[in-house]
Amino acid sequence: MIAEKIKMLRNANNMTQAELARKLNVTRSSVNAWEMGISIPSTTFIVELAQLFKVSTDYLLDLPTHNSIDISTLNETEISIVYNLIRYFHQNHNYK
């Protein structure tokens, strides 16, 4: 939940609610409401929070993340090797 993430990140950065509020140019009560789950920051503030704490917006919003690899410069043999490695890891590590 975003409320828990904001509080955890703020505390991990040794920041008070008032300090975070000043950095975002909002009131301390706004930060408190976000952390208590009473309200949710606007998309603008979600982006600012992500930048401030150096995390992704997906992380703040608890969205699943997927890693990707750009294979556009690989030839067919190299692409086959990459796919075989992925299959190997899925089979041997019970990934779904």
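For residues 46-62, every residue pair satisfying the side chain to side chain donor-acceptor pair (under 3.5 Å) rule, not counting sequence neighbours, is listed here: K5-D62. The list of ring pair (Phe, Tyr, Trp, His ring centres under 6.0 Å) pairs with a residue in residues 7-31, not counting sequence neighbours, is empty. The side chain to side chain donor-acceptor pair (under 3.5 Å) pairs that include a residue from residues 23-36 are R10-E35, Q17-R28, Q17-N32, Q17-E35, T27-S29, T27-S30, where partners are two or more places apart or lie in different chains.
The side chain to side chain contact (heavy atoms under 4.5 Å, CB included) test applied to T77 returns N75, I81, not counting sequence neighbours. L74 pairs by the side chain to side chain contact (heavy atoms under 4.5 Å, CB included) definition with I71, E78, I79, V82, not counting sequence neighbours. Residues satisfying the ring pair (Phe, Tyr, Trp, His ring centres under 6.0 Å) test with F53, not counting sequence neighbours, are none. Scored by the side chain to side chain donor-acceptor pair (under 3.5 Å) test, S42 finds no partners at all (sequence neighbours excluded). Judged as a side chain to side chain contact (heavy atoms under 4.5 Å, CB included), and not counting sequence neighbours, the contacts of A33 are I38, S39. The side chain to side chain contact (heavy atoms under 4.5 Å, CB included) test applied to N84 returns S80, R87, not counting sequence neighbours.
No continuous path of ILVMFWY side-chain contacts below 4.5 Å connects L49 to M1, so the two sit in separate hydrophobic clusters. Cluster membership for M36 and I40, using ILVMFWY side-chain heavy atoms within less than 4.5 angstrom, is not shared.
Side-chain contact between L20 and I6 is present, with heavy atoms from C-beta onward closer than 4.5 Å. At a threshold of 4.5 Å between non-hydrogen side-chain atoms, the residues L61 and I46 count as touching. Residues L9 and L60 form a side-chain contact, since some pair of their non-hydrogen atoms from C-beta on lies under 4.5 Å apart.
Heavy-atom contacts from other residues, nucleotides or ligands closer than 6.0 Å to CG of L63 number more than 12.
Through direct or relayed side-chain contacts under 4.5 Å between Ile, Leu, Val, Met, Phe, Trp and Tyr, V47 connects to no other residue.
Here the side chain of E19 pairs a donor or acceptor atom with the backbone of T16 at under 3.5 angstrom. Checking side-chain atoms of N13 against main-chain N and O of M15 turns up no donor-acceptor pair under 3.5 Å.
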